[in-house]
Structure formats: C-alpha cells, structure tokens
**Q** 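Attaching a single structure in structure tokens format; questions to follow.
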Amino acid sequence: MQGLMQTKALLISTLLEHAATHHADVEIVSHVDMSTCVRSTWGTVSSRAQRLANALQGLGVAPGARVATLAWNTHRHLELYYAVSGMGAVLHTVNPRLFPEQIAYILNHAADEVVCFDLGFAPLVAQVASQLTSAKAFIALCPRDRMPALDLPAPLICYEDLIDGGAERFDWPALDENTASSLCYTSGTTGNPKGVLYSHRSTVLHCWTACATDGLGLSAQDSVLLAVPMFHVNAWGIPYAAAMCGAKLVLPGPDLGGERLFQLMRDERCTFSLGVPTVWLGFFQYAEKLDPEARAALRLERVVVGGSAAPRAIIEKFEHLFGAYVIQAWGMTETSPLATIGNLLPRHEGIALDQRFGVQARQGRAIFGVEIAVFDSEGRRLPAGDRTPGELKVRGPWVVSAYYGQQPGTELDAEGWFATGDVALIDADGYVQITDRSKDVIKSGGEWISSIDIENLAVGHPKVKEAAVIGAYHSKWQERPLLIVVPNEGVQVTGEEILAFLQDRIARWWMPDEVVFVDELPHTATGKLLKTRLREQFRTHRLPTDTAAG
Ligand code: AMP
C-alpha cells in the first residue's frame, strides 16, 4: 500500500522560493573585489536569478546544458547557483587554482557551453579559450563599465547586461528531483580530475544536515562568513542550506587573508564560519596579535573546519580567544561533502575542556543519511570500537554512485559502498578518526604510522607554521617518518626542539627519524598538502638513522 502524502519534488528552486518568501530581507553581503562591496538580500537574489534564467534561456542554454563558473564567493556566483540549476541546466563550478591544462581538460570533458568568469580570471580565460571545444559564449561577471578587452573565439557577454535584459519572472520548471544540478571535479593529485554530478534531490537532502542541530546547526539566527570557496563542493552546501533556513551570507570574494576575515566577522556580526585549516592558520596569524579588547568585538559562536584534519591548536585557539566551538567535519567531493560531523553526546556533559578538545579533534560521527564503515585489507568489515585502522567506506543518498560519464553504480562495490581512499578508525562512540589517505600512510616494519597525527601535533609548536610527514625509505623498517617543517617567519628553531615537543605526545616508534626545514610546502588546488610531490622530492633522501643504507 502506498502512502497518501504529497510527492512534491526536492528542487533547488524551492529553496530560493522559500528564502524569497520567508526571509526576503535577510542580507547577502558580497565583496566582489578588494574595493567593491554589494549588499543584497535573498529577495534580490531571487529576482535577479529569475532574470538571469530568462536571459540564459535566450542564449540557448537548454535543460541539461553545462554552464561553467570560474568565480570567487560573490552574489553573482550565488545567483548563478540558483538560476542555472533552477532552470534545469547544470552548474559546473571550476577550481581556478588548477593548472590551465587541467582547466581546459575539465571544461572540454564536461562540454561546457557557457563559461562565466570573474574579472581576475580574464587572463586565465584568454589563455585556455582557444583550446575549448564546446564553449558558445563567455560571460564576464561584472557591470558594463568594467568589461575586459578580450579576444575570444565565442561572444563575450556582460553579466549585468544579461540581468538587465532578462524578463522579470521565470517559472522554475517542475523537474524530476533526480535531475543533475551541479558538477564539481575532484582535484586529482594523480591522473585526470573526475566529475561528481550532484542532483536536486541529493542537494536538498544534504541541506537538512547542515541545518540540523546535530548537523551544522545552521539557522535563521546565523550570519555566516563563507570562507570556503563556492568552486569546491558547492562551498560545503552552505549557499543552499542558508536559503533553506534564511541565514545571512557574507561572501568574502578573493581575499581570504586573516585581517580581511576578521574585519568581515566583526563588521557583519558573524556567528558562524567555515573553512579549511590553512585559512584558519592565516586567520590566527592576524588575530593572535590583536589585543583582547579588539578580539572581543567578534560574536563568533561556531566554526566548521574540514577539508583536512583540524589541528588541535586551531580548536583550542578558537575556544580560548573567541569562545567559539569548532565543529570538525569530514567529507569529500564525492559525499557532497557532509558525511561525519563532530558534535558532542550527552556523556560529554561537564567533561574537562582538555578532554573535549580530544573529541573535537576527531572527524565526528555519521549523520543520518550517511552510513560509514571501516574494512580491513581483506575487505572484512571491522566492528565499531576496533582499534585497527582500515579503509573507510560510505553510502547514502548524497554519496557518489559513478563519476561523470560513467554508468550509474560504477564506483560502488556489491553492497553499494563507495571506497573513500581514507584510512580511519571508528571509536566505540562512533567518532571517526581519519589517520591518513591510504596512499600517504607510513608503513614502518609492517605497522602503520599516521602522518596526520604527527602533523597536527607539530603545528601545535609555537614556532611551526606548517608541517608535513611522509614515509622516507629506511633499509631496516622499509619506511620511517620524515617531518618536513615550515617555521614561522623570522624565528630560529631546531629539529631537536620540535622532537622534544613531540616526545611525550606520541608513541616512541612514531617519532620522526629526522626533521627538515623548508620555506614552503606544495599544495593541491584545494589547499591540501601535495604529498606525491614531497615524496618525489625526498625520494633519494637518506635518513640519519639508516646506518645500514649503502
Ligand atoms: P576533496 O574531495 O577535495 O574535498 O577531498 C576529500 C578528502 O579530504 C577526504 O577524502 C580526506 O582525505 C580529506 N578530508 C576532508 N575532511 C577532513 C577532515 N576533517 N580530516 C581529515 N581529512 C579530511
């Protein structure tokens, strides 16, 4: 027997309609560049997205067509999020930090028909345009008086002209909720990037997680500083979730420097923010120098840290300097991304702060909608609470089934699990602890050493700016940890000092065999440590402990 409830589809356009109806005056603050701030509202986003959808339709953008963006977090990018997906086309957010050859590759792979870009990316567009095989139009995200002079193989259109020319009302189509809505490519440290194709249904379901109390707890009370880019996994779904609950959005544009973030948080009375650890390291370089009175001007309550493991030092500083709670979240492009979220349980009530930081330093518990499990090298599922790390697998309605261009289900095993490539433990309370990417784990004498754990401790040293740990060749142990450190500017620090700091904090056999200092570490386009490059760089490195090596 079927239930007798309404079957209204879960569509992205309904999020915007809701925000425009119930939160029309809530502000969207957009810093387009260093000197231009545009203040808008959910009501205005809705009316401009409708004009934009009409204009794009006029340009020949049909249902299913891909529209690419090379853009920072701005109101125009937000309007594109809603207009393109809402009309049934697919928004392809492109990471502008990829190499130009990779950008050309993914624009062609996705067969993008329209390429929208911020002015700062005009040189990049000029560089790749001639290699593009499907682009029929380019849209510069600016007003007429700022239009760049570019020689492109297809028409160059001004975004604000499009909006001005678009008819006022657009009836969002009643799409099937499984229609593709947006496309995001993984950064692919090896091989070509792969496209993850989200649907309206997966996107809307994922929003509820962001708004749930034991999710990210986003609500109409929040003013959100979106310090995670809209070109990476839909900025963790927040541009959609903010419409669902009517939160205020503060879009910082290209400047994610510590000073700018602090000013925006202060001036826009932000309660909530999200970003990767590198962004927060930069934030604290600025914020720590301020006097307590200046810091007291922030109203920050919660900060989501994800994308890479949140070092305990970041969790502690947010608490001690701002009284803000760090929610660590784990996920990936393939999981939309929210999958596990670090909230507390009743049994943590009243625990010492130090112990609480230990809980927050884990990657959180599975939220409803995402099943998680750890499997050993023989593919056996490990029981919860087992202390052996294994491969983390996930499944659920906002987890990828196949990459763009593949048959549905291609990436899943017989039980429907998607293998994440992350190595993890799940403790008895269900908290996940990511110990490594499977490719990065250090195998020393048959035992595994977590590079992430050592890195996180090392960045807690006051003289360390950033740290990476890789397995270096050792003739007796196969691999031993090599700690590569970028010191803070202008400080003198020795390897002995850092090893002494780690001494009582990790098991003896986890202690790095050597500490080397470098000026900077290589990163991927999404800001993660690029360990393939480091391993290549240190491939012939001889550890001082390897006395048997020839
Ligand atoms: P991406 O698809 O670029 O978002 O990268 C996803 C990968 O980032 C995951 O598979 C993890 O390796 C890593 N990652 C994301 N969040 C965390 C976290 N909180 N702790 C540790 N690693 C993380």
Side-chain angles (χ1 to χ4, degrees), residues 93-95 97-98 102 106 182-191 193-198 206 216 228-238 274-280 303-315 326-343 359-367 370 372 374 389-394 398-400 403-404 411 417-426 431-441 450-457 459 468-469 523-532:
T93 53
V94 182
N95 186 337
R97 296 196 187 111
L98 291 168
Q102 285 177 311
I106 62 174
S182 67
L183 177 63
C184 180
Y185 280 69
T186 61
S187 39
T189 45
T190 49
K194 291 172 284 190
V196 178
L197 188 60
Y198 308 102
H206 181 262
L216 301 184
V228 55
M230 289 168 73
F231 55 73
H232 186 212
V233 213
N234 300 323
W236 302 354
I238 302 303
L274 314 91
V276 296
T278 342
V279 161
W280 300 125
V303 178
V304 183
V305 183
S308 297
R312 190 175 161 126
I314 288 183
I315 299 170
V326 167
I327 305 171
Q328 177 159 193
W330 169 86
M332 51 201 312
T333 310
E334 288 87 339
T335 65
S336 295
L338 296 174
T340 66
I341 302 185
N343 288 303
V359 179
Q360 287 171 276
R362 298 200 183 138
Q363 277 74 16
R365 306 173 78 241
I367 41 183
V370 178
I372 55 167
V374 169
E391 179 160 32
L392 182 65
K393 296 189 181 181
V394 291
W398 55 88
V399 176
V400 75
Y403 291 108
Y404 182 66
E411 292 301 318
W417 292 104
F418 172 74
T420 64
D422 281 339
V423 178
L425 310 165
I426 303 180
Y431 287 86
V432 168
Q433 189 183 345
I434 303 286
T435 59
D436 257 309
R437 286 295 291 166
S438 55
K439 286 179 264 153
D440 297 338
V441 81
S450 162
S451 62
I452 293 183
D453 276 5
I454 309 175
E455 285 157 9
N456 281 349
L457 284 169
V459 292
V469 176
H523 292 99
T524 67
T526 52
K528 298 185 213 303
L529 287 169
L530 188 52
K531 294 210 178 158
T532 43

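Every number for a ligand or one of its atoms is a count from 1 in the order of the listing. Every value quoted in this text rests on a predicted model; they were computed, and no experiment measured them.
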**Q** Measure and list all N/O to N/O distances between ligand 1 and the protein that fall under 3.5 angstrom.
**A**
| residue | atom | partner | partner atom | Å |
| --- | --- | --- | --- | --- |
| ligand 1 | 2 (O) | T333 | N | 2.8 |
| ligand 1 | 2 (O) | T333 | OG1 | 2.6 |
| ligand 1 | 3 (O) | H232 | NE2 | 3.2 |
| ligand 1 | 4 (O) | H232 | NE2 | 3.2 |
| ligand 1 | 5 (O) | K528 | NZ | 3.1 |
| ligand 1 | 8 (O) | G307 | O | 3.2 |
| ligand 1 | 8 (O) | K528 | NZ | 3.2 |
| ligand 1 | 10 (O) | D422 | OD1 | 3.3 |
| ligand 1 | 10 (O) | D422 | OD2 | 2.7 |
| ligand 1 | 10 (O) | R437 | NH1 | 2.9 |
| ligand 1 | 12 (O) | D422 | OD1 | 2.7 |
| ligand 1 | 12 (O) | D422 | OD2 | 3.2 |
| ligand 1 | 14 (N) | G307 | O | 3.3 |
| ligand 1 | 16 (N) | G307 | N | 3.0 |
| ligand 1 | 19 (N) | Q328 | OE1 | 3.0 |
| ligand 1 | 19 (N) | A329 | O | 2.9 |
| ligand 1 | 20 (N) | A309 | N | 3.2 |
| ligand 1 | 20 (N) | Q363 | NE2 | 2.9 |

**Q** Just so I know, are the side chains of V196 and Y403 near enough to count as touching, which here means a heavy-atom distance under 4.5 Å?
**A**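 In short, these two side chains touch, coming nearer than 4.5 Å.
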**Q** Provide the closest heavy-atom pair for P193 versus Q102 in the form atom of the first, atom of the second, distance.
**A**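 Smallest heavy-atom distance, with atoms named: CG-NE2, 4.4 Å.
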**Q** Check this for me: does any side-chain nitrogen of one of E411 and K194 sit under 4.0 Å from a carboxylate oxygen of the other?
**A**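 A salt bridge is absent here (no side-chain N lies under 4.0 Å from a carboxylate O).
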**Q** Can you give me the closest heavy-atom contact between P311 and P277, atom names plus distance?
**A**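 For P311 and P277, the tightest heavy-atom pair comes out as CD-CB, 3.9 Å.
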**Q** For E334, what residues pass the salt bridge (Lys or Arg N to Asp or Glu O under 4.0 Å) criterion, not counting sequence neighbours?
**A**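 With sequence neighbours excluded, E334 shows a salt bridge (Lys or Arg N to Asp or Glu O under 4.0 Å) to no residue whatsoever.
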**Q** For the backbone of A424 and the side chain of Q433, can you confirm whether one donor and one acceptor N or O come within less than 3.5 Å of each other?
**A**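 Such a contact is absent between Q433 side chain and A424 backbone.
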